[in-house]
Number of protein chains: 2
Amino acid sequence: MRLVCPYAARVEINRRSYVPLHIQLADILRRRIRAGDLAAGSTLPTEHQLATTYGISRDSVRKALAVLRSEGVVMTTRGEGTRVRAVPERRRIALGPGDEVVIRMPTPEERAEIGIDEGVPLAVISRPGEPDEIVPADEVKFTGGGAPQ
Amino acid sequence: MRLVCPYAARVEINRRSYVPLHIQLADILRRRIRAGDLAAGSTLPTEHQLATTYGISRDSVRKALAVLRSEGVVMTTRGEGTRVRAVPERRRIALGPGDEVVIRMPTPEERAEIGIDEGVPLAVISRPGEPDEIVPADEVKFTGGGAPQ
DNA sequence: TGAAATTTGTACGTATGTATA
DNA sequence: ATATACATACGTACAAATTTC
């Protein structure tokens, strides 16, 4: 059984701290997500609710959510809300001696084209004699021991 | 010899377009960087200069720069400016059969701790009998064919 | 089906703080 | 020490997508 932290919502923003408000809120929300208080797939409070709850501007709330999006922790849909991203199962990809994998961030165009969320890196897999394969890097893990070419 | 596009700076923002102003500016700057007009290591115009040059608010300029930072294309230092990131040489890492590599985005704390720029993914390398190794994913490329454990 | 309310996105503004040149 | 440049934090207004009624 998983215990839910009962004080999560009571964590306060400290305006005297040197830590920016949006970083403080991002930390609070990240902790709540990790603790299971905000489960994968669930919707976060609205930006307006977060602003009034924590006593900061909507601008600061949006910056906090942008931080979490860039980490791939949450995903926001216009008119709908912000949801906790369900981290996919990583399927194993075995690399042979001639194979090569390069990791980089996608451009917004690539994100739209491939249908990949913000904050998710890209894995470019090059195998000799085959066209490059591009996959979201959060869906895979790499090992050696693949068949040699 | 590399040709430099002489019209790069004349590309205009289209206010009638449905494409947001900050996305348009990010596209313009990305093109200028790729074309070599803004070379690696060079400093971009200041936020104020970009705002007046392209006739948009500093807010929109900052959003455009945030997009490019999240792609690992540029890097901003407070009081100093925004520079084109020099993409590092990728050193090759060979994976053995028991090794495992997972890619994810770092938290801001990890970024500060490891000294890694915004928009750079993290590679977590697990080898049997060794502690996990964490490296910026833009400094490496992976292949199979490593020594088995 | 359609209208209204909700919710996020864009775009602008101001003021002030902080790091760098 | 001053000026420059980026960062934070608040505000307003309206647009656009979704949900609700």
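Note: hydrogens, waters and symmetry copies are ignored here, and every other heavy atom, side chains too, is used. Every value quoted in this text rests on a predicted model; they were computed, and no experiment measured them.
Legend: residues meeting side chain to side chain contact (heavy atoms under 4.5 Å, CB included) with B:Thr43, ordered by chain and number and at least two apart, are B:Arg83. For A:Arg90, the side chain to side chain contact (heavy atoms under 4.5 Å, CB included) partners two or more places apart in sequence, or in a different chain, are A:Asp138, A:Lys141, B:Val102, B:Arg104. A:Glu139 pairs by the side-chain hydrogen bond (donor to acceptor under 3.5 Å, both in side chains) definition with nothing, not counting sequence neighbours. Remark: B:Arg62 pairs with B:Glu47, B:Arg58 by the side chain to side chain contact (heavy atoms under 4.5 Å, CB included) rule, at least two apart or across chains. With sequence neighbours excluded, no residue forms a side-chain hydrogen bond (donor to acceptor under 3.5 Å, both in side chains) with B:Glu89. Not counting sequence neighbours, the partners of A:Ala26 by the side chain to side chain contact (heavy atoms under 4.5 Å, CB included) test are A:Arg30, A:Ala64, A:Val67, A:Leu68.
Taking Ile, Leu, Val, Met, Phe, Trp and Tyr as hydrophobic and joining them when side-chain heavy atoms fall under 4.5 Å apart, one finds A:Ile103 in a cluster with A:Ile93, A:Leu95, A:Val101, A:Ile125, A:Val135, A:Val140, A:Phe142, B:Ile93, B:Leu95, B:Val101, B:Ile103, B:Ile125, B:Val135, B:Val140, B:Phe142. Applying the 4.5 Å side-chain rule to ILVMFWY residues, one finds A:Met105 in the same cluster as B:Met105. With side-chain heavy atoms closer than 4.5 Å counting as contact, directly or through intermediates, the hydrophobic cluster containing B:Val124 also holds B:Ile114, B:Ile116, B:Val120, B:Leu122, B:Ile134.
For the 3.5 Å distance criterion, the side chains of B:Ser126 and B:Asp132 qualify, holding a donor opposite an acceptor.
In this structure, A:Arg69 atom CZ and C:dT8 atom P are separated by 10 Å, rounded to whole Å. Between A:Gln49 atom CD and C:dT7 atom P the separation is 6 Å, expressed in whole Å. Rounded to an integer number of Å, the gap from CG of A:Leu50 to C1' of C:dT7 is 12 Å.
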task: Using the salt bridge (Lys or Arg N to Asp or Glu O under 4.0 Å) rule, take A:Asp27 and A:Arg31 through it: C-alpha gap first, then chi angles, then the decisive distance, then the call.
output: CA-CA 6 Å; A:Asp27 289 342; A:Arg31 269 199 300 272; 5.6 Å; no
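Summary of the strand contacts: A:Gln24 and B:Leu44 both lie near DNA chain D, and taking for each the nucleotide with the nearest heavy atom, the more 5' one is attributed to B:Leu44.
Remark on the helix from C:dG2-D:dC21 to C:dA21-D:dT2: inter-end axis angle 10°, axes from five-pair C1' superpositions, rounded to 10°.
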- request: Would you give a per-nucleotide map of nucleotides 12-21 of chain C, 5' to 3', where B means the base has a protein non-hydrogen atom under 4.0 Å away, S means only the sugar-phosphate does, and - means neither?
  value: BS---BBBSS
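Considering only side-chain N and O atoms, B:His22 lies under 4.0 angstrom from the phosphate OP1 or OP2 of C:dA11.
On the nucleic acid side, DNA chain D contacts chain B at distances under 4.0 Å to non-hydrogen atoms, with the end points of that region at D:dA5 to D:dT8.
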